[in-house]
Visitor: 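Structure in structure tokens, see below.
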Amino acid sequence: MNIFLIPYTWMRHLSLALVCSGAALIAWWVVLAFGVIFPFWTVAWDGAVYLTALVVAVAGASTLAEASLRREAVWKRVLRTAGSGAISGLLAMAGYWSWHSVAGPLAFDDAGELDLGEPTLVSLRYRLAAFFICGVLTGIGPLVFRRGAGFFTHMGAGAAAGLVAGATWYVMGYPKSSFIGLSDLYLASAGGALAFGGTFGILAWGIPDNLYAGWLRIVSESRHGRRIPVDAPDGGVRERFVGHFPRGLDLFLPAEDGVMELHMSVMVTRKQEYRARGLTLKPTLVRRFLERIDLRYDARRPAPLETRLSSGDRLLLGPSNDPTVVEFIMLPREER
């Protein structure tokens, strides 16, 4: 994954879901290819191999995506990806057989005649728990390399991924109705893989805001395209001033465009919250979807008016009939 190719919109959170679902689908294809062309396991192992492959692929893809976005060294990416997949995969294999050999028979086999290892047994009642267990264990590998950050998020995402994948697999392979399902266990396993990876990817870890930084960009013809970063290099508090003060400010705009000497400022806090402040009596307007905020200075107040900024907000400075437009945007932190 490349941070420069992921714009700062709500859709950026879908990127990891697409990566994980793609990795899960590749894992399904590899298992299917080996099962048909180079079969080296018995039919009883199909479920264990299938779910373990999904867990390894999804856990590894989640860790690799983060390492790639953070520009870590190649050897670190390889070690983290392999380690994450191996940890989750081994735990998933153990969890699968623990369910089918110990916990499952104790829960369902009252008469001692149920064989959960029977590959033709595809009832959701008996198989959903295996998906659930493997899903929960998927989050362990990435958690190790994320130093435990987001423990409950990863566990919840894994549990949801297992349940959604199990339900998808069952419904698509449901044999009694062509309307409900495809009645095809091969396609059902592919759908389960996509659901598993997509659910885990969208819930476990999202692209964080600290990979982006705020910028001010001039949209008007005067100095069109000129832009400055708001964030400080050390990640601390910083305030950038906009105006035409004779000795220049952080973002200089000509006085003939209706911009005052010290017109407004944009600051960032240590929590990476961006705020705009109006510093003049002249018109200062923040415009966003379905909202207009007047920030012109009110002499009756002890402090300037301010509002929180979001990417895409436009700041209109000067007369309303021909204002100078400055846009606040979020760009990758590596942008220069």
Side-chain angles (χ1 to χ4, degrees), residues 1-2 5-6 10-35 46-69 77 80-93 95-96 124 127-146 150 153-173 181-182 184-207:
M1 296 182 70
N2 189 337
L5 302 179
I6 305 176
W10 65 269
M11 294 186 67
R12 72 186 187 277
H13 298 299
L14 301 178
S15 301
L16 199 64
L18 294 175
V19 169
C20 291
S21 59
L25 192 62
I26 292 174
W28 164 82
W29 179 83
V30 170
V31 170
L32 186 63
F34 272 90
D46 278 348
V49 173
Y50 168 68
L51 285 178
T52 301
L54 294 187
V55 169
V56 170
V58 172
S62 178
T63 305
L64 176 62
E66 181 184 7
S68 300
L69 290 173
R77 300 184 198 183
R80 288 174 182 267
T81 302
S84 179
I87 292 171
S88 292
L90 291 174
L91 290 174
M93 180 66 75
Y96 181 92
L124 189 63
R127 300 304 187 191
L128 186 61
F131 279 92
F132 175 80
I133 292 170
C134 291
V136 171
L137 296 175
T138 303
I140 300 296
L143 268 178
V144 171
F145 293 96
R146 288 170 183 156
T153 302
H154 281 72
M155 294 296 99
L163 294 175
V164 172
T168 303
W169 167 78
Y170 179 73
V171 169
M172 291 183 66
L182 301 174
D184 189 326
L185 289 178
Y186 287 101
L187 294 179
S189 58
L194 284 172
F196 189 87
T199 304
F200 184 84
I202 201 172
L203 296 178
W205 187 81
I207 299 178

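Throughout, numbering of the chain's residues begins at 1 and tracks the sequence.
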Visitor: Which atom names give the shortest non-hydrogen contact between Thr81 and Gly60, and what distance separates them?
Guide: CG2-O, 3.5 Å

Visitor: State which residues pass side chain to side chain contact (heavy atoms under 4.5 Å, CB included) with Leu32; sequence neighbours excluded, sorted by chain then number.
Guide: Trp28, Val36, Tyr186

Visitor: Please enumerate all residues that pass salt bridge (charged side-chain N to carboxylate O under 4.0 Å, His left out) together with Arg77, with sequence neighbours excluded.
Guide: none

Visitor: Working to the nearest 0.5 angstrom, can you tell me the gap between Trp29 CH2 and Ser189 OG?
Guide: 14.0 Å

Visitor: Quick one: salt bridge (charged side-chain N to carboxylate O under 4.0 Å, His left out) pairs with a partner in residues 47-64, sequence neighbours left out?
Guide: none

Visitor: Identify, with sequence neighbours excluded, every residue that meets side chain to side chain donor-acceptor pair (under 3.5 Å) alongside Ser62.
Guide: Arg146

Visitor: Determine whether Leu16 and Ile202 satisfy the following criterion, side chain to side chain contact (heavy atoms under 4.5 Å, CB included), listing intermediate values before the conclusion.
Guide: CA-CA 6 Å; Leu16 199 64; Ile202 201 172; over 6 Å; no

Visitor: Rounded to the nearest 0.5 Å, how far apart are CZ of Arg127 and OH of Tyr170?
Guide: 12.5 Å

Visitor: Could you give the distance from CG (Leu64) to SG (Cys20), rounded to the nearest 0.5 Å?
Guide: 10.0 Å

Visitor: Measure the spacing between OG of Ser15 and CG of Asn2 and express it to the nearest 0.5 Å.
Guide: 11.0 Å

Visitor: Mind checking side chain to side chain contact (heavy atoms under 4.5 Å, CB included) for Ala48 and listing every partner two or more places apart, or none if nothing turns up?
Guide: Trp45, Met93, Tyr96, Trp97

Visitor: Could you pull out all donor-acceptor pairs under 3.5 Å where a side-chain atom in residues 192-200 meets a protein atom, sequence neighbours excluded?
Guide:
unit_1 : atom_1 : unit_2 : atom_2 : d
Thr199 : OG1    : Ala195 : O      : 2.7

Visitor: How close do Val19 and Ala61 get, heavy atom to heavy atom, and via which atoms?
Guide: CG1-CB, 4.2 Å

Visitor: Using 30° and 60° as the class boundaries, would you call the ring planes of Phe131 and Trp169 parallel, tilted or perpendicular?
Guide: tilted

Visitor: With sequence neighbours left out, what residues match Leu91 under side chain to side chain contact (heavy atoms under 4.5 Å, CB included)?
Guide: Ile87, Leu137, Ile140

Visitor: Restricting to non-hydrogen atoms, name the atom on Leu203 and the atom on Ala157 that form the minimum distance, rounded to 0.1 Å.
Guide: CB-CB, 3.5 Å

Visitor: Can you tell me how far CD1 of Ile207 sits from CG of Leu69, rounded to the nearest 0.5 angstrom?
Guide: 5.0 Å

Visitor: Let me see the working for Thr138 and His154 under side chain to side chain contact (heavy atoms under 4.5 Å, CB included), right down to the final yes or no.
Guide: CA-CA 8 Å; Thr138 303; His154 281 72; over 6 Å; no

Visitor: Taking side chain to side chain contact (heavy atoms under 4.5 Å, CB included) as the definition, give me every residue that meets it alongside Ser84, ordered by chain and number, with sequence neighbours left out.
Guide: Ala59, Thr63, Pro142, Phe145

Visitor: Could you check whether any side-chain N or O of Ser88 sits under 3.5 Å from a backbone N or O of Gly141, counting only pairs where one atom can act as donor and the other as acceptor?
Guide: yes

Visitor: Among pairs that include at least one residue of residues 54-63, which meet salt bridge (charged side-chain N to carboxylate O under 4.0 Å, His left out), considering only residues two or more places apart or in two chains?
Guide: none

